[in-house]
Amino acid sequence: MKFVSLGKYVEAVPETSSEIKKMMKFPGFSGSGSRYLAVNKPLVVQNLSRRLKAAFGKVTIDEGVYQAINGKLKLRPLPSDFYYHTGPKAAQDISLRFLYTLESAGLLLEPGMGKTKVYLDYIFLMKYRRCLIVCPRALLGTWMEEALIHRPEITVYVVQTTDWKEELPKMKAAQLVVINYDKAVRLCEGLCTDIQFDSMNIDEGLIKSPTTSRTKCLTLIGREVKSRVLSSGTLINNSPLDLFAPVRYLEPTLVGRDYKLFKDMYAVETAPGKDAQGKPKKQFVVGYKNVEEMRDTLESCCIVMKKSEWLELPEKTFHIVDCVASDEQKRVFGELQSNYVAHFKDRNVEVPSALVLAAKQCQVANGFIYYTESPDLLGEELGFFGEGQFRGEKRKKAPPGKREILYFDEQPKILRIMEYLTGQLSSRRLMIWYNLQAERVLMEEALTEAGINFLTIAGGEKDTFGKVRLFNHNIEYTVLLCQAKAVNYGVTVLGHLDDSEVDEGQVFLNVDSQVYTQIFMSLNFSLEVFLQQQDRIHRIGQVRACEYFVFLSDFDVERYVYQVLGEKEDVKDSMMVDFVNSRKVEYETE
């Protein structure tokens, strides 16, 4: 195997028939007929060189490749005519220089470290004419607000409709175009062909599944953009394989364009075979291999920075609060466990599978049951599992009017939460997290009865930013009640100072750290959601120790969810190694 330099590109040249066959299964390079090409960037070349050597044993390199793979990448100093509008933290300054050096890169800074400011400074630094931000809908207002604080020189336009003719001239008149994910997918063709962007940033990096229309569209738009950026504080959560689609977007020659080759290289799957009906069995990923190599690939185009290394933030403390279920809950739970059917509120509640059983049992643990006439209609049954946990499960929505919510007469978990809200937490402003609609109904009724002022942000909320802003500014609201996936990206919930109280030269939002407590009514299997929830209050500007109260019933199913989240966090930590521990890049603090 030869690995040679071709100016802007490098090429892997297999020399024998066995090397050609092996190269056809290598997850990397861009195929051009029988040629295997990659961009000639130092970190990319170093990564591919190490992987080729591991796969082929002996690799012959030329002088150009030798120079690229020896030595560390040095971060470019910022030019003398560049200035910050608001002073940066050290992590933000280094992240900006990393992006300035690589041009296309992932900013994998943990939530609350100020990735938005880094990208705004990058636009100003590069003097880009027009840039594109794709973000969750809840963050559209955040980008507007952050731009006014950190880079008021930049003109920003938030896309309002999917009428291309109406939006195009407005986009062309702005330096920074901000659009949510759904609109970007619907306007994909025009964004690819009718308007040019110097840089594109996928905020929160929500392109982890390579087969979705969202991932395909945003990757396609990115191919037309020279500087591709991805910002995320929780990129790798459920599986190391999550890195494929983001890396393909940033530097496609690092992983190639065939997900199957990548999966075959790094995943351990169940053995193929046939079921009792003679049909091929579906294979499942049961483990991973070459994890260090995957991490090396990620670090070849991304900077990973952790709050524990770069910020002096207060500690997080978790309190597990036990909730003893009622006798009726225990009876229904046990009948479902034993028979897959339970009699409750004059209904026979049936479950068709073990998966739906677990969902039903979590509902029982939280004081209610969703009842449908047909047990095959899953609807919101699986909502607690979190996106991506069971991708193979076909989900159907119950027809309107067919689903009922059956509540238990006794609500021990709600009573336990209210004991804390009216007792040891009565003097605090805080957030309460729920997953399913019925939990919201129960919590709202309890808060109202107790005379506690609260705001609710449910799934589908059209003005998430506005409600968060209202809660931050108005201390009359004690509780912000949030659906788990409605307020879990990039939003700061800390409280707010009056403008007259802001210190001169303060860099970040004029926060007051009034909010440092969260309550979890229930959990789902998504580590990404769980971490993002925590970091709405654990971020730049927080000066108080953050406390998290997780209310768990005495049923194993809820405690199992909490255990799985811990196991997933171990996987994440094995992949996401902080920049200070990387030996690939040299930098000096300016």
Side-chain angles (χ1 to χ4, degrees), residues 74-109 112-135 139-159 170-179 191 195-205 221-222 224-233 250 301-303 305 310 490 492 502 504-510 539-541 579 585 587-590:
K74 293 185 178 181
L75 297 187
R76 297 173 64 185
L78 299 176
S80 58
D81 63 344
F82 173 80
Y83 62 89
Y84 284 108
H85 187 82
T86 56
K89 294 286 189 180
Q92 294 172 317
D93 184 70
I94 292 169
S95 298
L96 177 61
R97 291 171 57 201
F98 186 87
L99 189 52
Y100 184 40
T101 304
L102 269 63
E103 195 170 40
S104 288
L107 299 176
L108 308 188
L109 281 62
M113 292 185 69
K115 297 179 290 294
T116 302
K117 170 180 164 56
V118 174
Y119 188 67
L120 291 168
D121 284 330
Y122 179 64
I123 295 172
F124 182 79
L125 167 65
M126 300 300 292
K127 300 179 174 63
Y128 283 145
R129 182 174 53 90
R130 187 181 303 116
C131 301
L132 177 67
I133 293 286
V134 183
C135 67
L139 297 187
L140 296 173
T142 299
W143 276 98
M144 289 285 290
E145 187 173 76
E146 294 277 298
L148 287 173
I149 294 170
H150 301 302
R151 280 298 168 191
E153 306 95 333
I154 295 175
T155 56
V156 183
Y157 175 67
V158 177
V159 176
K170 298 176 183 177
M171 286 192 279
K172 285 186 174 181
Q175 189 176 1
L176 179 62
V177 176
V178 186
I179 187 171
L191 292 170
I195 186 170
Q196 291 184 333
F197 295 101
D198 299 313
S199 180
M200 172 181 173
N201 183 357
I202 300 180
D203 191 18
E204 300 300 342
I221 296 170
E224 307 299 321
V225 180
K226 184 177 181 181
S227 168
R228 295 178 299 276
V229 181
L230 180 144
S231 305
S232 175
L250 291 169
C301 62
C302 298
I303 183 170
M305 306 187 94
W310 296 95
T492 297
V502 180
E504 184 176 353
Q506 183 172 325
V507 174
F508 302 102
L509 297 177
N510 41 339
R539 52 203 301 109
I540 290 174
F579 174 79
V585 179
Y587 71 94
E588 294 179 359
T589 303
E590 294 182 315

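Please read all numbers here as calculations on a predicted model, not as lab measurements.
Here the side chain of D198 pairs a donor or acceptor atom with the backbone of R129 at under 3.5 angstrom. Panel note: side chain R228, backbone L250; a donor-acceptor pair is recorded below 3.5 Å. Checking side-chain atoms of R130 against main-chain N and O of V177 turns up no donor-acceptor pair under 3.5 Å. No side-chain donor-acceptor contact under 3.5 Å links K89 to the backbone of I540. Not one N or O on the side chain of E153 forms a donor-acceptor pair closer than 3.5 Å with the backbone of F124. S231 contributes no side-chain N or O that, together with a main-chain N or O of L107, makes up a donor-acceptor pair within less than 3.5 Å.
With sequence neighbours excluded, the residues satisfying ring pair (Phe, Tyr, Trp, His ring centres under 6.0 Å) with Y84 are F82. For E103, the side chain to side chain contact (heavy atoms under 4.5 Å, CB included) partners are Y122, Y128, K226, S227, not counting sequence neighbours. For T101, there are no side-chain hydrogen bond (donor to acceptor under 3.5 Å, both in side chains) partners, not counting sequence neighbours.
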Starting from the C-alpha separation in whole Å, work towards a yes-or-no answer on side chain to side chain contact (heavy atoms under 4.5 Å, CB included) for K127 and D81.
CA-CA 12 Å; K127 300 179 174 63; D81 63 344; 3.5 Å; yes

Between M144 and L148, does a side chain to side chain contact (heavy atoms under 4.5 Å, CB included) hold up when you go through it step by step?
CA-CA 6 Å; M144 289 285 290; L148 287 173; 5.8 Å; no

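What you find for V229 and S199 is that their closest heavy atoms are CG2-OG, 4.1 Å. Of all heavy-atom pairs between C135 and V178, the closest is SG-CG1, 3.9 Å. Here the closest non-hydrogen pair linking R151 and H85 is NH2-N, 3.6 Å. The minimum heavy-atom distance linking P79 with Y100 is given by the pair CD-OH, 3.7 Å. In plain terms, the two heavy atoms of K117 and T86 that are nearest each other are NZ-O, 2.6 Å. Residues S232 and G205 come closest through the heavy atom pair CB-N, 4.2 Å.
In this structure, the side chains of L78 and D93 come closer than 4.5 Å at one or more pairs of heavy atoms. Here the side chains of Y119 and D203 are not in contact, with every heavy-atom distance at 4.5 Å or above. Here the side chains of V134 and I221 are not in contact, with every heavy-atom distance at 4.5 Å or above.
Between S95 atom OG and L108 atom CG the span is 9.5 Å, to the nearest 0.5 Å. Of the inter-residue distances, the one linking L125 atom CG with L120 atom CG reads 12.5 Å to the nearest 0.5 angstrom. Here the straight-line distance linking atom CD1 of I133 with atom CG of L139 works out to 10.5 Å at 0.5 Å rounding. Taken from CE in M200 to CD1 in I179, the straight-line distance is 9.5 Å, to the nearest 0.5 Å. Here the CD1-CD distance, from I154 to E146, works out to 12.0 Å after rounding to the nearest 0.5 Å. Atom-to-atom distance recorded for I303:CD1 and R97:CZ is 10.0 Å, nearest 0.5 angstrom.
Among the candidates L176, L191, L132, the single residue satisfying the side-chain contact (heavy atoms from CB on, under 4.5 Å) test with M171 is L191.
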